[in-house]
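Dropping a structure here in structure tokens format, bear with me for questions.
Every chain is numbered from 1, with letters handed out A, B, ... down the list of sequences.
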Amino acid sequence: MSMTEARLASGGLIDRSKPLSFRFDGKAFTGFAGDTLASALLANGVVLTGRSFKYHRPRGIVGFGIEDPGSIVQLAGEDGSVGLPATAIPLREGLDAHSVNCWPSPAHDIFAFSQVFASLLPAGFYYKTFMWPGWHAFEPLIRRAAGLARVPAHAAPNQASEIRHGHCDVLVVGAGPAGLMAAWAAAEAGARVVLVDADRLPGGSLNHGDVSVGGVTAAAWARDLAARLDAMGNVTRLAGATVWAHREHGLVVITERDPPLPELRQRTWQMRARRIVIAAGAIERMLVFEDNDRPGVMLASAARSYLHRHAVRPGRRALVFTNNASAYATARDLAAAGIEVAAIVDSREQPDAASLAVAAGIEVLAGHVVTHAHGSRRLRGVTVAPRQGRGARRIACDLLCLSGGWTPSVHLFSQARGRLRYDEGTAAMVPDTGPATTFCAGSALGLFDLQAVLASGAEAGRRAARECGHAGGEVAVPQAGPAPAYAVEPLWCVDACAASTRAFVDLQNDVTAADIILAVREGYGAVEHVKRYTTAGMGVDQGKTGNMNVIGILAGRVGTTPAAIGTTTYRSPYEPIEFGAIAGPREGTALLPYRHTPVTPWHVRHGAVMYEAGARWRRPGYYPLPGESLDRAVERESRAVREAVGVYDGSPLGKIEIWGRDALALIEMAYTNGFASLRAGGGRYGIMMTDDGLIADDGVTFRLGDNHYMMSTSTANAEAVYRRLEEFLQCERPDWDVTLTPVTSQWCNATICGPAARELLADLDPDIDICNAAFPFMSLRDATVAGLPARIARVSFTGELSFEINVARRHGLALWERVMEAGSRHRIVPVGSEANHVLRVEKGFLSLAHEADGTADPYDLGMGWIVSKTKQEFIGKRAMEIRRSTGHRRRELVGLLPHDPDHLLPEAAPLTPGGRMERTEGLVTACVRSVAQRRVVALGLLLNGRARIGETAHVRVKDEVIAVTVTSPCFYDPDGLRLRS
Amino acid sequence: MLILSCPFCGERDESEFVCAGPARAPRMTLAAATDDAWVDYLTAPPNPKGVVRERWWHSHGCGEWLIVERDTLTHAIHATRGARHEHD
Ligand SMILES: [Zn+2]
């Protein structure tokens, strides 16, 4: 069929003056502005659009919008990950789409053999097959054979998506007849209204038929009312936007596709609405019979919509199969457009007179059903049979229009914990009790008479506005043209096909009537179980066209009613949403900015390789000289500290100032060791634990004066320690007089360390006595250094004589430059975090997340001396005591020396007994090339480790077992003479 | 995303807060606590289907710790007050 044949000569809501070129599976086509990809494909006679997920059966276009289960396509370019059906993709110039689940094309799919083996892939197949330990073997095959759209190779530029936050009184979901009336009534009352519709064109179902509203065509009425709303200052209308989540406290999430800004591809709104009107309409259901998935099988409403909206004939000879009155209009309109309608097959024994009048002149086979569709890549005909008795016959057709009834779109109501009930009259789940802030209207409420739909919209809008304090909103409900009553009689599955393995209830996930029977037989009779066992409704279309049939079939199978079966829980998103649309520009450093010390520009200028070193601080990792490797640079920097002097930027270390009458009490509670004897100017190293009695952090706290302390924390834990202390103070000890001030970024420091550190400090003209007697280890002095007001702390993270020179942040760079200038005489070297790591491992100093990995207490690390035996109470005390009283063997900190002194051990590698494939007995926590030992040294946690010093243990890594000697965890200056020097 | 009404700052979005889980009974002094009572205190926080008292920290606001009464089923917030006065 050529394009001219399938596209009607006139009519439709398309712009024939704007032809658009597009490609599908590599072939060039043309459509018009106003087309979707689906309507343009149909206009070009393309019926086969892809292959199904599991059996690779040929599939075509079934629906008209987001509900379509069969036509997911892969787009080329930056929006390639969308995963939408062709029915929901507006056509644009240059669109390049490919079908999914098939290779090389839907007509010649090499995986199509799987439909031959369909009986080997029943419900529960995944659960039964992909069980440990063998499932790894299947994964690559399944990934290749059963994918949906692929993730694009390149990320979209982050400018392509934006996030907006909004507030409104009344949010109306859907701009069909009910939604337009609701928005109008709420707006007339004076409420701030947001009206959202997935379609660019307002009117919803009004655009897809030829009814009249208010004396004009329904489409014209909708356009005029939308224009009127657009002119009101209190209405925001979002077209081409989907409300895909309805969450707590009135939060709805909306994504606009292609918002009216050329550089934006999508915009997501986080909207807080005081009241929400859900007027999302209803979705037509499939009918279930054998081979009901053949390309050319389409929902009756979709066929009618393509005809009216896009002026497309979806076939040449049609047959309509229905269980209700609504499909008769499709038959009439198809015939009027010159399409031969072979018959209307109506499963109802006695179709209502109004329906028959609509389709006057068309043969109606009442009390009949379609039992089988024929054809493979394209429908060729159907078998029709009376429900009772004999008389099956074959009727040729290339278009089969189905209406299995209508399912109200209750998704957003249900997402907000609204309860549903089964309504016998409409054979559908309809809203029952729900959140007080939410109103449903129109066919989303289960109303299928247009006059009632219009009235319910007006009423919902008026009530929603009134609850926001806006009285009024009386609008005249227009008169709708006549239409037959819905008059549905449920037909969940054609009787003759109840056990068919080719009668599909979920086209997207290839779930059949037989799968439901199997699930029930295997004991899964509850709807949530059936869903998971068969995967019905678990595709990206969420089973919009099939779930109600699943419930109906299940009810019949277990001998109960749909009301007793109930529904599965509806979850967001309502339709596929890209992660990029949710994140918007909040990506990478826009979401988590890096923190820098004032010395960063100097570091970068001097060739530093910058790392993140916890809490988003950027720090120099090492400063390679031109041509120098990482290992050589780290060795050079480490050696400088051991033999001369080095300087590092220690500014990111956490700092909390503590004031108040009960400051000491808080410190005593936080640390395991005692601080009561500390004098002003003195400091002490401490360990703090969690309430579970495990190490949480460590650091040095100095006493600055009466009731005044400065606590330092590890870089990564500064925020967490502050939070824990504040929580304890405010929630547990509100009567204590303590004030905490996090001051990490107020200070900047240059830490000079090495045997020449004191000489260097002297060259910086301090105005205090810096000899060891006057300024000993673990003390703190305020001084003027290099002409800058400073606070110097004698602490050491390297094991060498160290002075941590702290100045105000604004003096940080000046201090650093003066240290480097004065240091040149002492051959000073700037030192990065890599060399710092080497130096602390040589000393066996613990590092958070390495040795204190959340499972260790101080005893485990050989630091029992830091646990006070006299304090009544400190955080973690009781839990540690209870745990240790069990006498269970613990993993203990040890040194590890590989027998081969050049063999590095991977950090986190497991230690196992004898190196055998057995349960681990520990792990390597850190491993470096020691400059002091001139060999590889490592730290590790090893079961019962201290008792095993001198023994051999084994590190087990892939393809190798590495023998190590267990030693004491200190490889340099075990008596600490150098750091006290 | 909840809206929490901070008694000091007014209605604010959940993203300004840190949730620290259910509030426990007031912390016992160790001297008064048996081992069993202490283990219970640590390991059995309230976890009802319904209204629960929770600790929330207005970390991106006033910095106060709050006690929030939240229904875990409906997300309805029944009360919000400063934790400092919880045991007054
Ligand atoms: Zn606040």
Side-chain angles (χ1 to χ4, degrees), chain A residues 163 165 167 245-253 270-274 416-418 433-437 586 591 669 690-694 719-720 722-736 738-742 871-883 885-886, chain B residues 1-5 8 11-15 17-43 45 53-60 62-68 70-77 81-88:
Chain A
I163 306 285
H165 294 260
H167 294 262
H246 181 190
R247 306 202 41 180
E248 58 280 354
H249 296 190
L251 178 68
V252 294
V253 191
Q270 305 244 12
M271 186 80 73
R272 291 279 183 188
R274 297 173 67 193
R417 303 291 180 101
T433 54
T437 54
R586 297 174 301 185
L591 179 63
M669 184 62 92
T690 60
D691 258 332
D692 304 317
L694 299 165
E719 173 88 358
Y722 171 61
R723 179 193 137 169
R724 278 160 38 88
L725 296 179
E726 273 292 351
E727 181 179 6
F728 182 84
L729 280 173
Q730 292 189 31
C731 299
E732 309 290 2
R733 298 291 184 271
D735 52 324
W736 282 11
V738 185
T739 303
L740 304 177
T741 315
K871 280 204 288 190
Q872 284 284 313
E873 187 156 6
F874 54 84
I875 290 171
K877 176 178 162 73
R878 178 63 65 88
M880 181 175 65
E881 286 168 355
I882 294 171
R883 191 175 54 243
S885 71
T886 63
Chain B
M1 192 80 76
L2 307 176
I3 292 176
L4 296 172
S5 185
F8 310 101
E11 286 196 344
R12 297 300 176 98
D13 203 86
E14 181 185 333
S15 57
F17 297 83
V18 172
C19 180
R24 299 157 193 270
R27 190 185 181 89
M28 297 169 281
T29 61
L30 282 190
T34 64
D35 284 358
D36 284 349
W38 189 254
V39 169
D40 245 25
Y41 167 78
L42 280 189
T43 60
R53 289 168 59 251
E54 291 177 324
R55 280 184 187 170
W56 288 75
W57 186 29
H58 198 181
S59 60
H60 290 72
C62 57
E64 287 295 294
W65 280 83
L66 311 177
I67 299 293
V68 175
R70 183 177 67 90
D71 190 318
T72 56
L73 200 60
T74 63
H75 284 305
I77 308 285
R81 53 186 175 275
R84 290 181 202 264
H85 309 291
E86 177 65 2
H87 304 303
D88 285 359

### Task
Would you mind checking if R883(A) and D692(A) are paired as a salt bridge, meaning a charged N to carboxylate O distance below 4.0 Å?
no

## Note on the structure
If one checks every heavy atom of A20(B) against chain A at 4.5 Å, the contacting part turns out to be both

## Note on the structure
Applying a strict 4.5 Å limit to non-hydrogen atoms, the region of L73(B) in contact with chain A is both

### Message
Counting only non-hydrogen atoms closer than 4.5 Å, does R723(A) touch chain B with its backbone (N, CA, C, O), its side chain (CB onward), both, or neither?
### Response
both

### Summary
If you tally heavy-atom pairs under 4.5 Å between each of R878(A), Q270(A), R247(A), R733(A) and chain B, the highest tally belongs to R878(A)

### Query
For A416(A), is it the side chain, the backbone, both or neither that has a heavy atom under 4.5 Å from a heavy atom of chain B?
neither

### Query
So does R24(B) pair up with D691(A), basic N to acidic O under 4.0 Å?
no

## Note on the structure
Highest number of heavy-atom pairs under 4.5 Å with chain B among R417(A), E248(A), E881(A) belongs to E248(A)

### Task
Not counting sequence neighbours, which residues clear side-chain hydrogen bond (donor to acceptor under 3.5 Å, both in side chains) with Q730(A)? List them please.
E726(A)

### Query
Partners of S5(B) by side-chain contact (heavy atoms from CB on, under 4.5 Å), sequence neighbours excluded?
E11(B)

### Message
Less than 4.5 Å to any heavy atom of chain A: does that hold for the side chain of L42(B), its backbone, both, or neither?
### Response
side chain

### Message
On a heavy-atom basis, which atom in C731(A) and which in W65(B) lie closest, and how many Å separate them?
### Response
SG-CB, 3.8 Å

### Message
Can you confirm whether E719(A) is buried at CD, in the sense that more than 12 heavy atoms of other residues, nucleotides or ligands lie under 6.0 Å from that atom?
### Response
no

### Side chain, backbone, both or neither of T43(B) within contact of chain A (heavy atoms, under 4.5 Å)
neither

### Summary
Heaviest contributor of heavy-atom pairs below 4.5 Å to chain B, chosen from H165(A), Q872(A), R272(A), is R272(A)

### Query
Would D36(B) and T34(B) count as having a side-chain donor-acceptor pair, cut-off 3.5 Å?
no

### Query
Which answer fits W57(B), side chain, backbone, both or neither, if we ask what part of it has an atom under 4.5 Å from a heavy atom of chain A?
side chain

